[in-house]
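Taking it in order: structure first as structure tokens, then the write-up.
Throughout, protein chains are lettered first and strands after them, A, B, ... in sequence-line order, and every chain is numbered starting at 1. If you're wondering where the values come from, they're calculated on a predicted model, not measured in any experiment.
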Amino acid sequence: MTTVDRAPIRGGRAVPYFVPAALAVLVMIAITAQKSSQFLDGGWKLVLVYASPLVLLAMAQAPVVLSGGGGLDLSVGPGAGLVSVILAAGLIAHQISVAWIVIPAAVLLGVVIGAVNGSLVALIRIPPIIATLATYLVFAGIATQVLASPTGALPVWMDWFTDVEGVVPNVVWVMLLVGGLWWLLTRTAFWRNLLMVGSNDRAAYTAGVPVTAVRFVAYVLTGAMTGVAGLVLTAVLGGADATVGPTYTMLAIAAVALGGISLAGGRGGLLGAACGAALLFLIQNYLTLTEASSFVLQMAYGLVLVVAIVINGAWDRKRKNP
Amino acid sequence: MTSSPLIELAGITHRYGATVALDGCQLDIRPGEIHGLVGENGSGKSTVVKLLSGIMAPTEGTVRVDGKDVDLRSPTAAQAHGVLTVFQETLISDDCSGLDNVFAGTDGLFRRRRRSKAELELATEVVERLGTSPSILTASPYQLSLAERQVLTLTRALVRPWRLLILDEATSALDLATRDRLFALLQAERSNGRSVLFVSHRMDELEILIDRATVQRSGHTVGTVDRAEATPSRLLSMMDGRSESEHAGAATVTARRRDEQGTAARLCGVALSSDARPFDLDVRRGEILGVGGLDGHGAVALVEAFAGVSLPPKGKVEIDRDGLWSRVRGYRNAVASGIAYVPGKRQEEGLFRTLDVRDNLAMATYGEHSRLGVLRPHAIQQAVRAQMQRLGVVPDDPDYPITGLSGGNAQKVLVGRWLAAEPDLLVLNDPLRGVDIGTKREFYALMRELTDAGMTVVMLSTEIEELLTSCDRVAVCHDHGLEAVLEGDEMTYDGVLSAMFGQAPTLATHERTRA
Amino acid sequence: MSTSAIEQTPTPTSAATSRRRRGALSSLLVYLAPLAMFLVLMVATPDVLSRTGIMSLLVLSAVLGIAAVGQTWAVMIAGIDLSIPATIGMANVLLTTLYAKGWSFGEIVVLLLVLSILIGMANGVLSSIFGLHPLVVSLGVASVVTGGVLISVDGNTGGDVPGFITNAVSPRGSVLGVPLPAALVVWVLVAVVVVLVERRTVIGRQIFALGSNVTAARLALARPMLIRVFVYSAGAICASAAGVLLAGFSGGASVDIGAAYLFSTITAVVVGGTSLLGGAGGYARTIAGVLVTTEFTTLLIGFSVGPNMQQVMLGIAILVLITVYGRDRHVAHRL
């Protein structure tokens with residue numbers, strides 16, 4: 001999904017950007033398997049289910065970061081929370097709970113959220129950090145206003161998301177579906193436009209790429225994935241809790257940075273973001289296994305993040321000045 | 001009119017806020033002609049280019065294509081009318097392949113899927129016509145040279161169905177061979193009825209290429225002349241309003257050799273790139289040493305070596321410190337040794353655009369005007385005022401935002417920043433680019449005054465004329481080596497130009513001998 | 001000497017004068033905004049007029065204002081500091097736990113100073129190498145700080161608070177017989193020092209230079225890494241001070257006590273009109289931003305707007321303000 005019809009780089013093929021993160025994930029899986037016999041024996045499925053909202057939100061963060069210009073969406077956490085709250089307290093609580101309404105509604109709500117952010121950033125041209133900080137406050141505020149205390153009672157079909165009976169847990173199909181749709185998108189000109197805008201918007205503009213439209217669509221895509229994350233979050237939580245969503249924002253940004261995506265735009269993809277998120281979650285899982293305190297966990301997060309971005313930075317520099 | 005114009009600008013006025021960039025501009029380009037657009041910086045050339053490229057819309061006036069009024073509101077709209085622009089800056093995305101860079105913007109937002117074989121073949125053909133290896137289409141742009149990158153932007157324009165190609169100083173990034181092939185290509189396409197708007201400072205290029213030329217001065221269109229009339233001296237006099245004879249005589253004003261007072265600084269065994277031949281160069285105390293060379297041939301590296309901004313890969317730079325040679329080991333070390341450097345790109349490397357004149361003028365000397373890190377406002381105010389008066393900065397107000405000053409006055413502030421440090425050696429990197437002629441003359445007088453007082457000046461200029469009129473000697477770089485150091489009678493336009501091209505007299509230089 | 005230059009350049013003078021007037025007008029508006037807001041507050045909810053009401057508003061502003069020093073400077077050098085909440089939490093927890101263990105207040109202050117400078121060095125150095133984005137750097141540093149504090153106190157964040165700290169943030173507190181809460185006095189002192197550093201010191205001007213143009217700043221003898229370390233260290237020291245003051249409000253301490261200050265400091269800076277592009281603005285503007293946001297929140301509380309809708313209104317207010325004066329340039333204007 002990464003280097004679609006990009007011709008081989010002169011002097012040998014360059015290592016794809018997500019390889020370090022993917023390797024780190026494999027290493028973490030090996031370490032975890034050594035520590036816990038149950039992990040390979042099905043424990044990983046549960047881990048994956050709990051990790052899925054973060055993985056999806058990290059993937060959601062990717063398009064806007066790729067679109068450059070300081071592109072960033074601080075509102076993905078509260079956005080997913082808001083979608084979750086509206087689904088649980090707005091639809092399901094009013095007996096509108098059939099899958100063919102709830103699932104499209106989740107995606108649609110996400111698209112609306114993305115369109116709001118996209119309008120603010122691409123059309124009104126408010127700096128992304130400020131625009132999405134403001135919508136963070138707005139979404140979080142509305143979510144808590146709508147739903148003061150957590151609610152439960154989900155329709156039975158939503159248990160599908162948390163089911164781990166199959167060969168792979170069902171959330172994997174959700175991620176694969178999102179990734180697959182994204183992969184189809186990377187087969188269109190949009191992917192080239194996105195990279196072009198992200199790495200040099202002035203060059204893209206003079207070449208005739210519709211910069212504003214590309215950025216707007218990037219936010220809408222982020223929003224759509226946020227909507228899916230909101231749906232999965234509802235299923236994983238077994239209900240909606242307005243306070244949970246916002247906690248994901250910083251983790252998602254950390255995951256994107258861990259996944260090797262350049263915060264300056266123009267380099268990266270969904271796979272890296274997903275690897276970054278998986279890495280964060282695996283570290284957390286491992287430290288829980290070793291009965292390390294949550295304090296160590298917190299510190300490890302920070303250290304991993306700092307080390308990873310330093311390595312990414314050094315690698316990036318080497319790539320640019322061979 | 002021999003034929004109806006392909007594109008026409010009629011009575012175009014453009015304002016940025018209260019600043020008038022273009023005032024009643026008239027320009028018509030016929031099918032099948034190469035049209036030169038010349039003027040000093042600030043004359044409105046780049047505004048004309050931006051209007052035609054769809055980057056901005058004019059405040060007043062109309063643009064016509066084939067006699068019909070059109071609205072070029074975006075680069076895409078301009079391209080739809082066949083207007084393609086290649087800018088001086090190589091606008092390339094480093095994260096996309098060369099091929100994707102070439103065809104960027106041709107596929108719509110989602111529509112097209114893969115790069116087709118036909119596209120690759122088309123791009124390969126154009127790249128090969130420009131004498132470059134098609135491998136640049138598949139390489140990562142990080143690995144490409146400046147010239148190869150510019151070939152990509154040229155290819156980007158040439159693969160599209162263009163009718164008017166605008167080259168906005170686009171040849172400065174090219175090497176000579178590529179440039180000549182581009183010129184041949186343009187001349188061939190001209191007979192297919194395609195037109196070129198060629199914006200350049202390079203008189204030699206204009207002379208061999210253009211059919212007609214339009215001259216801009218201070219936002220006004222001075223006029224359009226035919227090939228026969230478009231001699232360099234005529235164009236120059238139209239550009240700055242001086243008479244032709246002044247220009248013809250300009251070259252003789254030099255040769256003010258001074259009494260030798262020893263060497264102020266020297267380069268020993270310096271090579272400007274790792275595989276270039278090393279050379280020595282002495283700067284005499286109290287002289288103005290001009291540095292020239294075509295873009296990308298090491299002239300910038302030479303002045304940066306003097307200033308310690310970037311140390312040369314081989315050799316050493318030394319400055320005389322009270323009779324002892326002190327080696328320049330870096331920028332701060334150079335400043336401490338009494339060297340001052342006025343950078344070339346005023347906006348990118350010089351000015352603090354968010355700050356006022358005082359900060360811009362005094363930033364480098366705040367350390368001297370402070371006690372334990374605390375500024376002494378009185379001393380600063382005095383120093384700033386003194387510099388502003390000496391340089392004649394208009395307006396005479398330290399609290400003025402720097403962005404409110406004209407290019408010439410902003411440049412004065414930048415020079416003042418370093419004069420305030422009272423250096424022994426002042427290194428100037430093309431200080432007068434985009435500065436009006438009045439300020440230029442003041443500046444030459446000031447430099448003479450400074451050198452009379454014992455300061456030594458090394459000045460890079462991209463204008464040969466300027467090197468001849470304002471410098472005592474001229475060092476010319478070619479291919480990252482020192483090609484020649486000219487002084488006295490050797491300092492002629494032809495001499496400098498020949499040296500820039502590696503001694504071999506090239507192009508039309510012989511016809512360029514002045515009256 | 002240069003009459004010719006005036007004639008030849010197309011009227012720069014009038015353009016710049018109008019720009020300058022506009023600049024002066026907008027900064028005047030920024031400083032008048034807190035007063036205007038206060039008048040609205042007086043009319044809408046007269047009960048804030050009580051001394052306690054005003055003082056508690058000012059004490060809240062003081063804590064936010066002190067915490068926002070670092071954010072202001074970080075934004076001025078075109079960066080951002082996400083480690084402020086963690087630093088606040090660190091100071092808060094260390095003060096209470098160590099004080100309970102019998103450390104003297106002075107010893108704790110020295111420790112906090114050292115730790116703050118270490119945090120500043122981590123942020124400053126890491127954001128200077130390889131051009132790493134300060135957003136991620138400070139996010140990582142924040143996580144390390146919070147984790148480190150929790151490990152060092154083994155999760156026991158409770159403890160004692162020196163009485164004078166509680167007194168410092170009490171609206172009825174007084175300093176040397178003057179009926180002003182000490183927190184307010186501290187803020188005034190901090191503000192004076194910060195504004196003087198910005199305007200009257202070499203490094204202060206270099207902060208502006210660095211935010212305006214990194215290359216030009218380096219050529220004008222500023223040391224980018226040193227300035228970044230200075231900026232983030234000063235910010236961490238002020239955040240620590242805010243954390244200490246916060247201990248006076250609540251009996252119990254928490255590493256998360258600063259969480260709200262992540263966005264509220266950014267909000268105060270943005271509302272004050274300091275551009276996220278760097279090189280402009282200043283702490284004086286942030287003071288106005290702090291007062292306006294605190295008054296705005298107080299007003300909403302006065303109208304019985306709950307905390308959730310307060311948040312929503314604040315978000316909308318930010319959007320409106322930035323739409324009016326903080327929009328980015330279109331890509332065509334950067335060519």
| query | Does Asn213(C) use its side chain to pair, donor to acceptor, with the backbone of Phe352(B) at less than 3.5 Å? | reply | no
| request: Report the option among Arg353(B), Arg417(B), Glu348(B), Met56(B) that has the most heavy-atom pairs separated by less than 4.5 Å from atoms of chain C. | output: Glu348(B)
| message | When you compare the side chain of Phe208(C) with that of Asp359(B), does any pair of heavy atoms fall below 4.5 Å? | response | no
| Got more than 12 heavy atoms from elsewhere within 6.0 Å of CD, Gln381(B)? | yes
| query | Between Ser74(B), Pro377(B), Ala340(B), Ser46(B), which residue shows the highest count of heavy-atom pairs closer than 4.5 Å to chain C? | reply | Pro377(B)
| query | How many angstroms lie between OH in Tyr341(B) and CG in Leu219(C), if you round to the nearest 0.5 Å? | reply | 7.0 Å
| message | Report which part of Val335(B) has an atom under 4.5 Å of a heavy atom belonging to chain C: side chain, backbone, both, or neither. | response | side chain
| remark: Rounded to the nearest 0.5 Å, the OG1 atom of Thr201(C) sits from the CG atom of Leu372(B) at a distance of 12.0 Å
| query | Counting only heavy atoms not in Arg376(B), do more than 12 sit closer than 6.0 Å to its CZ atom? | reply | yes
| query | By a 4.5 Å heavy-atom criterion (distance strictly below it), what part of Lys345(B) contacts chain C: side chain, backbone, both, or neither? | reply | neither
| Part of Ala217(C) within contact of chain B (heavy atom distance under 4.5 Å) | both
| note | Most heavy-atom pairs under 4.5 Å with chain C, out of Val309(B), Leu351(B), Asn360(B), Thr354(B), belong to Thr354(B)
| query | Any donor-acceptor pair under 3.5 Å linking the side chain of Tyr366(B) with the backbone of Arg205(C)? | reply | no
| Backbone N/O of Leu221(C) and side chain of Arg332(B): donor-acceptor pair under 3.5 Å | yes
| query | Among Ala222(C), Ser275(C), Ala216(C), Gly211(C), who wins on heavy-atom pairs under 4.5 Å with chain B? | reply | Ala216(C)
